[in-house]
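From a predicted model like this one, the values you see are computed outputs, not experimental measurements. Just the heavy atoms: all of them, side chains too, but no hydrogens, waters or symmetry mates, feed the values below.
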Amino acid sequence: NAGVTQTPKFQVLKTGQSMTLQCAQDMNHNSMYWYRQDPGMGLRLIYYSASEGTTDKGEVPNGYNVSRLNKREFSLRLESAAPSQTSVYFCASSEQGRGEETQYFGPGTRLLVL
Amino acid sequence: QQQVKQSPQSLIVQKGGISIINCAYENTAFDYFPWYQQFPGKGPALLIAIRPDVSEKKEGRFTISFNKSAKQFSLHIMDSQPGDSATYFCAASRETSGSRLTFGEGTQLTVNP
């Protein structure tokens, strides 16, 4: 059981380039999330998917798009990267998307935009 | 606007001491308050959680104290160990928003041997 996996682990982009961050979970969870972590700001929700086929904006969605490819996979796309998107990105999943559920996090993707 | 505010930003404690991290929230609709622990280079992992119908929850050396009237909750780590050195995040959610979590800013805890 790998849990939540993320690729790549580290990426350097130039301003204006695009990329897709990949996330997969093998726990048969319905809900998946993308967060960004910045110093002094905690983790902020970018997008989430309550179930396969649905996605919703979180706290900081501007500049990002997501795709819930199937139950296992949830990708995050930066269409035109900006230095303000330099961050550590975490994907997470939870079983049913209910209030008291544990969220399981991946190891993160460190993104540097020059 | 940060709906969950966490302090201190960093904390240094001697081995065997008590570590205390505080959080305050604004939204009275929050009804679930977890703490996540994150080691360097890793993703956060659930440490302990509480609902507002109890004032305290203890799991081993870790205790959450909850004050509903003050809209505050805190994490106490008793007999702190160097292995507890990590970043700790408080969070809050409400049932009607599913398991969407609002996180505090994080506290970097260092426990010196």
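- Scanning both residues, B:R100 and A:K57, for their nearest heavy atoms gives NH2-O, 4.0 Å.
- Residue B:F33 does not touch chain A at all, counting heavy-atom pairs closer than 4.5 Å.
- Between B:Y36 and A:Q103, the closest heavy-atom pair is OH-N, 3.0 Å.
- Note: the hydrophobic cluster containing B:Y25 also contains B:V54 (ILVMFWY, side chain heavy atoms under 4.5 Å, direct or indirect links).
- No more than 12 heavy atoms of other residues, nucleotides or ligands shown are found within 6.0 angstrom of CE on B:M78.
- Note on A:M32 and A:L43: separate hydrophobic clusters, where clusters join Ile, Leu, Val, Met, Phe, Trp and Tyr whose side-chain heavy atoms are under 4.5 Å apart, directly or indirectly.
- A distance of 9.5 Å separates OG1 of A:T102 from CG of B:L101, quoted to the nearest 0.5 Å.
- For A:Q6, no part lies near chain B; criterion is any non-hydrogen pair under 4.5 Å.
- No part of B:Q108 comes within reach of chain A, as not one of its non-hydrogen atoms sits under 4.5 angstrom from that chain.
- Residue B:E105 holds its CD atom at 11.0 Å from CZ of A:R44, rounded to the nearest 0.5 Å.
- Under a hydrophobic clustering in which Ile, Leu, Val, Met, Phe, Trp and Tyr are joined whenever their side-chain heavy atoms come within less than 4.5 Å, directly or via other members, A:F105 and A:L76 fall into different clusters.
- The residue among B:C90, B:G106, B:G41 with the most heavy atom pairs within less than 4.5 Å of chain A is B:G41.
- The choice from B:Q9, B:K42, B:Q6, B:R51 that makes the most heavy-atom pairs within less than 4.5 Å of chain A is B:R51.
- In the hydrophobic clustering of this structure, B:I20 does not group with B:I64; members are Ile, Leu, Val, Met, Phe, Trp, Tyr whose side-chain heavy atoms approach within less than 4.5 Å, directly or through other members.
- Criterion: ILVMFWY side-chain heavy atoms under 4.5 Å apart, direct or through other members. Under it, A:V88 and A:Y47 are not part of a common hydrophobic cluster.
- Interface remark: A:L45 contributes side-chain atoms only to the contact with chain B (heavy atom separation under 4.5 Å).
- The parts of B:P44 that come within reach of chain A are both its backbone and its side chain, each placing non-hydrogen atoms under 4.5 angstrom from that chain.
- Counting heavy atoms from C-beta on, the side chains of A:Q37 and B:F103 never come closer than 4.5 Å.
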